[in-house]
Amino acid sequence: MSVEITVSEGGMPHNKVLAIGLVGSLVCIYLTYMNTLANTQLFAFFGGLAAVFALWWGTDTIKHLCSYGLGTGVPSAGMIALGSGVIAMVLATKLSSMNMIPVSSVLIIPIGCVVIGAILGAILGYIANNIVNMNIPVMVVSLAELCIVGAITILGLATMVSGSFAFADLVTGSSTFFGVEVANYQSSVIGGGVIAVIFMLGAIAVQHAFNACLGPNESQDRTLMLAAECGFLSMITVAIMSFAFISFTAAVVSFIISAIGWVYTYKQYLVMSKRDAFMWLDAKPIREKEA
Amino acid sequence: MSALGGGSSGGEGINPVGTAVGIVLLLIAIGALYVLSPGLAFMSLIGVIIGGVLIGFGVHFVPVGGAPAAMGQSPGIATGVTMLAAGAGLAGLFGGAWAAELGFGVALAGGAIGGGLMMAVTCLMVNVIYVYGMGIPAASGKVAKDPITGDTFEAYKSQGTEGHGLPFISYVGGVIGGMLGGLGGTLIYLELLKVYEEFLPGMFNVPAEQILPLAVGLAGVFAIGMFLVNAVIAAYNITGTIEGPHDPKFKRFPRAVIGCAVASAVCGMLAIILVVM
């Protein structure tokens, strides 16, 4: 028993999606550093935008990978992406404060996140392809891409919650910046378990779009629009969580931007669904009485 | 561009070159950590690898039917391998994590029982739905006789299906798989927790009890991450559906065990380097 997975041809080439996603998400994560430069938290929302770029790119990677027929369903790709991504991301946030690495600037973190994710993902891809004998030509590249996507998604959303991507800020309660006297580790992003919620939000967002759109009439722009919509939906949840960590104004700005993004992408997705549908009936739940 | 979703072309047998490279990677990961921090951190990595192997092996016991099972056309639980393994393993992991303060043995037993219990309840409810909801008897398509009870399936199997329902052997396999998965997940969690409890207080210069929430959070999210990585690698090995320990696909498990050992070694090394470097 098998279900045919058909993938649309044409559209934007995968390498272009990869380039836009990678550059876009890195630029957005670096833009959150303006928080430190300007001594504010207003730019935390750029972390969420980085996650949207990464999820948008990751959806196309999953589409690329799953067109070979994994036999295990699309969600497994999202699970391995975020499962390995969280390890790469937490290690990367620590890079700037490691004894063995001479660079002490936190600006190394986003690049380090990509590098560690690529190495870990390539190793997992090699395991799946050569030890488990999957024999899929794009396996190594795809899992490397997916691991980077997972790592950047979690890094971006964690930055959106806390306003910073340094390990010390992620593990220490950010409400204690008035004085260093008692650092509260329980009220931090990692110590408080917020990272587990971010993990699941990312894992669901990255696998949902292709899982929902696959089929005979799949079209790339509609799938990718759904991916962006899922990203903004995750951003809304993360913006609500960020009220506990960053200033009220910054969290409101994050929330408004994610809500605007979500409404726009959702409307666009509906338009594209109507375009791709054979027919569209604007049915009303209750018929109005004709006068 | 189109391909079949059901059967990946995954080759049979063990790939000697890939396996050799994998074992070299495993040794590099173990060696690197031995150089960085012999002692507690090194022993924990060994524990993490054992946990990953247990997960990879345990997943093969879990009867997975996928979408066909929902239509009564193949035996097993009607969902994907990853989801089922994650459910069983995480149920065990939470059970074990809750019992972590009561000692190593109690926590491991808690994890195994949690995972096994979750699978037992799932299998029971699946059979209730199959038998009383859909009106179909349990029959395996892979073997003629149940290896445990000796019941024959041939007369009950509907034409054109690969069997249906959840035979006794699949039920037993599911419980064993849940126990192994819960045990492995809990082992990974406990080993990582031990490392973080040891090294984090020194890193931040604070008393151990203050840093405990951070150690628990880090160990928990890493254990979940590694659990999903191992479960997906085992799922790639199974490719689709498996009935349980009597299924011919079960014999493929050595590949997944090697793969999971390598993956756990690399992921575990990264997770431990976080605090020892």
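For clarity, every value in this text was computed on a predicted model and none was experimentally measured. By convention in this document, chain letters (A, B, ...) are assigned in the order of the sequence lines, proteins followed by strands, and residues within each chain are numbered from 1.
- Highest contact tally toward chain A, considering only B/L270, B/L212, B/V17, B/N237, is held by B/L270 [criterion: heavy-atom pairs under 4.5 Å].
- For A/I127, the part sitting under 4.5 Å from any heavy atom of chain B is the side chain, from C-beta outward, and nothing else.
- Atom CG in B/N15 sits 5.0 Å away from atom CG in A/N133 (nearest 0.5 Å).
- Heavy atoms closer than 4.5 Å to chain A are found in both the backbone and the side chain of B/V221.
- Closest approach of B/A271 to A/I87, counting heavy atoms only: N-CG2, 4.4 Å.
- Between chain A and the options B/L218, B/V81, B/T19, heavy-atom pairs under 4.5 Å are most frequent for B/L218.
- A/M98 is listed as a side-chain neighbour of B/I273, based on a closest heavy-atom distance under 4.5 Å.
- Under the side-chain contact (heavy atoms from CB on, under 4.5 Å) criterion, B/A219 pairs with B/Y189, B/L192, B/L193, B/Y196, not counting sequence neighbours.
- In this structure, the side chains of A/Y126 and B/V262 stay at 4.5 Å or more apart for every pair of heavy atoms.
- Heavy atoms of A/L120 lying under 4.5 Å from chain B belong exclusively to its side chain.
- Contact annotation for A/M200: neither backbone nor side-chain heavy atoms come within less than 4.5 Å of a heavy atom of chain B.
- In this structure, the portion of A/L124 lying under 4.5 Å from any heavy atom of chain B is its side chain and not its backbone.
- The two atoms that bring B/G225 and A/V86 nearest to each other are CA-CG1, 4.3 Å, heavy atoms only.
- The stretch residues 226-233 of chain B places B/M226, B/L228, B/V229, B/V232, B/I233 near chain A, each with some heavy atom under 4.5 Å from a heavy atom of that chain.
- For A/Q186, the CD atom counts as loosely surrounded, since its 6.0 Å shell holds 12 or fewer non-hydrogen atoms of other residues, nucleotides or ligands.
- Qualifying salt bridge (charged side-chain N to carboxylate O under 4.0 Å, His left out) partners for A/D60, counting only residues two or more places apart in sequence or in other chains: none.
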List, one per line, each side-chain donor-acceptor pair under 3.5 Å for residues 23-35 of chain B, sequence neighbours excluded.
none

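- In this structure, A/F167 and B/L274 have side chains that are in contact, with non-hydrogen atoms separated by less than 4.5 Å.
- In this structure, chain B has a heavy atom under 4.5 Å from the side chain of A/I123, while its backbone stays farther away.
- Between the CD1 atom of A/I195 and the CZ atom of B/F222 there is a distance of 7.5 Å, given to the nearest 0.5 Å.
- Looking at B/L36, only its side chain comes within 4.5 Å of chain A, counting heavy atoms on both sides.
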